[in-house]
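What follows is a set of notes on a single structure, which appears directly below.
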Amino acid sequence: MKLPILAFGHPTLRKIAQPITSEYKDLPQLIADMYETMYASKGVGLAAPQIGKSIRLFIVDTTPFIKDHPEETEFMQVFINATITETSGEEWIFNEGCLSVPELREDVSRKSNIHIEYEDENFNVRSEDFGGLRARVIQHEYDHLEGVLFVDRVSALKKMLIKRRLSEISKGLITADYKMIFPFQKKH
Ligand code: NI
């Protein structure tokens with residue numbers, strides 16, 4: 001089942017998400033629904049707060065990048081209770097977008113490499129290093145668990161320039177080709 005995505009301005013996007021255990025109700029279904037939602041909206045990552053659940057869960061599938069970045073290989077992964085324990089390497093800029101902030105893309109600078117500890121969908125503990133676009137997407141999704149959005153990471157000038165656009169998004173004065181919940185939409 002496709003789930004509606006919370007738009008910029010929704011308070012759940014600003015909460016610190018909470019850890020979960022393997023007892024979490026209907027988790028396999030939730031993960032399946034998140035994948036369905038992400039693919040339908042052509043995202044490469046989706047964090048649970050974006051579908052209204054303030055829990056430390058996000059999914060990634062960077063496979064669509066292969067088209068423009070032939071050096072990439074297929075990669076999909078569920079991250080539960082993740083902690084990025086180290087970031088390293090050079091800062092590099094990539095033009096990011098977010099399903100909660102439709103039709104807006106901005107250059108964001110992030111470190112190239114991360115070390116992350118997490119549990120997979122079967123709650124196996126994993127400890128891995130990632131670089132390149134995988135590290136990029138993982139850092140973006142991880143930010144969602146901390147209540148941070150990519151638009152928080154742009155320059156003060158850029159923030160000023162996109163302020164009005166963000167306000168329009170929160171009011172639903174935009175079109176997205178997937179179902180969204182707009183926190184400040186006027187009811188008719
Ligand atoms: Ni996002």
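Just so you know, ligand 1 is whichever comes first in the structure, and atom 1 is the first atom listed for that ligand. Just so you know, residue 1 is the first one in the sequence shown, and it goes up from there.
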Would you mind counting protein N, O or S atoms that sit less than 2.8 Å from the Ni ion (ligand 1)? 3
Before accepting this row, confirm whether a basic side-chain N of the pair [X]/[Y] lies closer than 4.0 Å to the acidic partner's carboxylate O.
| X | Y | result |
| --- | --- | --- |
| K159 | E106 | no |
| R165 | E168 | yes |
| D107 | R153 | no |

Taking atom types as modelled, is there a side-chain donor on D143 or Q139 under 3.5 Å from an acceptor on the other?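 No - no donor-acceptor pair under 3.5 Å links their side chains.
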Shortest non-hydrogen contact from V60 toward F79: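 Heavy-atom minimum between the residues: CG2-CE1, 4.1 Å.
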How about F75 and F65: are their ring centroids closer than 6.0 Å?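 No, they do not, as the ring centres are separated by 6.0 Å or more.
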